[in-house]
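Contents: one structure, followed by commentary.
Remember, it's a predicted structure, so these values are computed and weren't measured experimentally. Only this structure's heavy atoms are used, side chains among them; waters, hydrogens and symmetry mates stay out.
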Amino acid sequence: MKKTNQDYSAFVALSRDELLARLEAQLSAGRFAHVQRVEQTAIRLAQQYGADVQRAGLAGLVHDYAKQRSDAEFKQIIRQQQFDPELLTANNGIWHGVVGAYLIEHELGIHDQQVLNAVRRHTIGAVEMTALDKIIFVADFIEPGRDFPNVEQARAAANESLDVGVRFEIINTLKFLIAKQVNIYPKTIDTYNAWVAGRA
Ligand code: GDP
Ligand code: FE
Ligand code: FE
């Protein structure tokens with residue numbers, strides 16, 4: 001039988017409907033709608049760029065699964081699982097991806113490392129990114145519900161190539177964080193430094 005775009009059975013025992021129910025129970029209505037738009041955007045980008053459509057849809061759907069967990073829970077997991085102690089200096093913006101992948105693996109039973117890495121990297125990117133990593137990073141930024149001053153430019157960049165899209169996004173995110181005068185996580189700066197020179 002031909003697989004549909006949203007058949008995730010190779011990577012997770014839960015059906016898509018069961019995954020949706022688990023996500024809906026964890027997330028606000030707005031966030032729940034966002035993850036479904038990221039799923040669709042990730043599928044579209046995977047089709048456009050010849051990447052794994054099933055992994056892209058699944059990673060897009062679950063990428064913000066842990067977004068509404070408490071800071072206390074994230075800190076407890078970082079200590080208990082002996083994750084990099086540098087993570088303790090971060091906040092939910094970083095934790096819901098990097099530590100959220102742990103909750104996705106253990107609570108949703110998704111063990112595929114390509115999917116989990118794309119979730120881990122979806123907020124801060126990475127110096128080296130797979131096509132799937134780039135797709136989730138970019139899909140999160142350009143999904144049709146996003147509305148920020150440069151979003152049309154971000155969409156055009158993503159349409160040029162995944163690398164152009166990633167570069168546009170990390171530069172914009174850095175500008176945004178600096179304008180807000182918030183703490184920048186060191187790995188976010190590493191991503192910026194690796195991509196700003198324009199490997200694309
Ligand atoms: P969302 O989960 O769909 O809202 O989007 P992201 O996962 O991309 O981003 C989560 C939040 O983390 C956003 O508000 C980003 O601006 C923020 N963020 C990304 N990188 C950093 C960083 O290095 N430091 C801080 N303080 N926030 C960051
Ligand atoms: Fe996120
Ligand atoms: Fe998101």
Side-chain angles (χ1 to χ4, degrees), residues 3-46 51-126 129-141 143 145-146 185 187-188 191:
K3 290 199 165 188
T4 66
N5 288 337
Q6 299 171 345
D7 177 355
Y8 303 136
S9 59
F11 307 110
V12 55
L14 298 173
S15 69
R16 182 168 178 279
D17 281 348
E18 288 167 334
L19 280 173
L20 286 172
R22 301 283 285 265
L23 284 157
E24 195 170 18
Q26 292 282 327
L27 302 174
S28 69
R31 182 65 52 181
F32 180 54
H34 163 71
V35 299
Q36 293 173 79
R37 290 192 299 266
V38 174
E39 176 191 29
Q40 297 310 319
T41 305
I43 288 171
R44 178 176 68 71
L45 289 171
D52 187 323
V53 171
Q54 264 80 40
R55 281 191 173 91
L58 178 59
L61 186 61
V62 301
H63 80 285
D64 278 341
Y65 171 72
K67 181 89 177 179
Q68 286 165 328
R69 298 299 176 94
S70 71
D71 290 356
E73 183 172 359
F74 283 124
K75 285 181 190 162
Q76 192 201 351
I77 295 168
I78 292 163
R79 293 204 179 92
Q80 235 170 36
Q81 299 303 316
Q82 300 182 324
F83 288 166
D84 183 353
E86 183 177 71
L87 274 170
L88 290 168
T89 68
N91 58 33
N92 175 279
I94 310 299
W95 292 334
H96 80 280
V98 179
V99 186
Y102 172 88
L103 291 166
I104 288 166
E105 176 160 24
H106 291 269
E107 296 181 7
L108 301 180
I110 297 172
H111 304 291
D112 184 81
Q113 287 306 313
Q114 295 178 51
V115 170
L116 295 175
N117 278 335
V119 172
R120 287 187 184 106
R121 295 169 183 157
H122 89 263
T123 307
I124 59 181
M129 297 171 78
T130 66
L132 184 65
D133 296 340
K134 294 171 189 174
I135 284 169
I136 302 307
F137 186 74
V138 167
D140 191 21
F141 201 59
E143 60 93 343
R146 290 287 193 202
Y185 189 60
K187 285 197 168 60
T188 306
T191 303

| query | Quick one: salt bridge (Lys or Arg N to Asp or Glu O under 4.0 Å) partners of Arg22, sequence neighbours excluded? | reply | none
| query | When you look at Leu23 and Asp64, which way does the side-chain contact (heavy atoms from CB on, under 4.5 Å) test go after all the steps? | reply | CA-CA 9 Å; Leu23 284 157; Asp64 278 341; over 6 Å; no
| All side-chain hydrogen bond (donor to acceptor under 3.5 Å, both in side chains) counterparts of Asp140, not counting sequence neighbours | His34, His63, Arg146
| How far does NE2 of His106 sit from CG of Leu108, to the nearest 0.5 angstrom? | 11.0 Å
| field | Any donor-acceptor pair under 3.5 Å from Asp52 side chain to Ala46 backbone | value | no
Would you give me the side-chain donor-acceptor pairs under 3.5 Å for residues 36-43, sequence neighbours excluded?
residue	atom	partner	partner atom	Å
Gln36	NE2	Phe32	O	3.1
Arg37	NE	Glu143	OE1	2.6
Arg37	NE	Glu143	OE2	3.4
Arg37	NH2	Glu143	OE2	3.3
Glu39	OE1	Arg16	NH2	2.8
Glu39	OE2	Tyr8	OH	2.5
Glu39	OE2	Arg16	NE	2.9
Thr41	OG1	Arg37	O	2.8

| said: Run the ring pair (Phe, Tyr, Trp, His ring centres under 6.0 Å) test against Phe137 and tell me which residues pass, sequence neighbours left out. | reply: none
| said: Using side-chain heavy atoms (C-beta onward) and a distance below 4.5 Å, is Val99 in contact with Arg120? | reply: no
| message | So, using side-chain hydrogen bond (donor to acceptor under 3.5 Å, both in side chains) as the criterion, who are the partners of Tyr185 when residues are at least two apart? | response | none
| query | What pairs with Thr123 under side-chain contact (heavy atoms from CB on, under 4.5 Å), at least two apart in sequence or on another chain? | reply | His96
| Contacts of Asp112 that satisfy side-chain contact (heavy atoms from CB on, under 4.5 Å) - sequence neighbours left out | Phe11, Arg55, Gln114, Val115
| message | Ile124 vs Ile94, test: side-chain contact (heavy atoms from CB on, under 4.5 Å). Steps then yes/no. | response | CA-CA 7 Å; Ile124 59 181; Ile94 310 299; 3.4 Å; yes
Donor-acceptor pairs are to be reported for all side-chain atoms of residues 78-89 against protein atoms at under 3.5 Å, with residues two or more places apart or in another chain.
residue	atom	partner	partner atom	Å
Gln81	NE2	Tyr102	OH	3.0
Asp84	OD1	Glu86	N	3.0
Thr89	OG1	Glu86	O	2.6

| Got Val119 and Ile136 here, is their nearest side-chain heavy-atom distance under 4.5 Å? | no
| request: Kindly indicate, with the supporting measurements, whether the criterion side-chain hydrogen bond (donor to acceptor under 3.5 Å, both in side chains) is fulfilled by Asp7 and Ser9. | output: CA-CA 6 Å; Asp7 177 355; Ser9 59; 2.7 Å; yes
| task | Answer whether the closest heavy-atom distance between the side chains of Val35 and Leu27 falls below 4.5 Å. | result | yes
| side-chain hydrogen bond (donor to acceptor under 3.5 Å, both in side chains) with His111: which residues, sequence neighbours excluded? | Glu105
| Can you name the closest pair of heavy atoms from Ala66 and Leu103 and give their distance? | CB-CD1, 3.8 Å
| request: Applying salt bridge (Lys or Arg N to Asp or Glu O under 4.0 Å), name anything that partners Glu107, two or more places apart in sequence or on another chain. | output: Arg69
| query | Atom CZ of Arg44 and atom CD1 of Ile135: how far apart are they, to the nearest 0.5 Å? | reply | 10.5 Å
| field | Pairs flagged by salt bridge (Lys or Arg N to Asp or Glu O under 4.0 Å) wherever residues 87-98 is involved - sequence neighbours left out | value | none
| query | If we only count heavy atoms from C-beta on, is the Ile110 to Val62 side-chain gap below 4.5 Å? | reply | yes
| said: To the nearest 0.5 Å, what is the distance between CG on Asn5 and CG on Leu58? | reply: 13.0 Å
| said: Taking the side chain as everything from C-beta on, heavy atoms only, tell me whether Val98 gets closer than 4.5 Å to Arg121. | reply: no
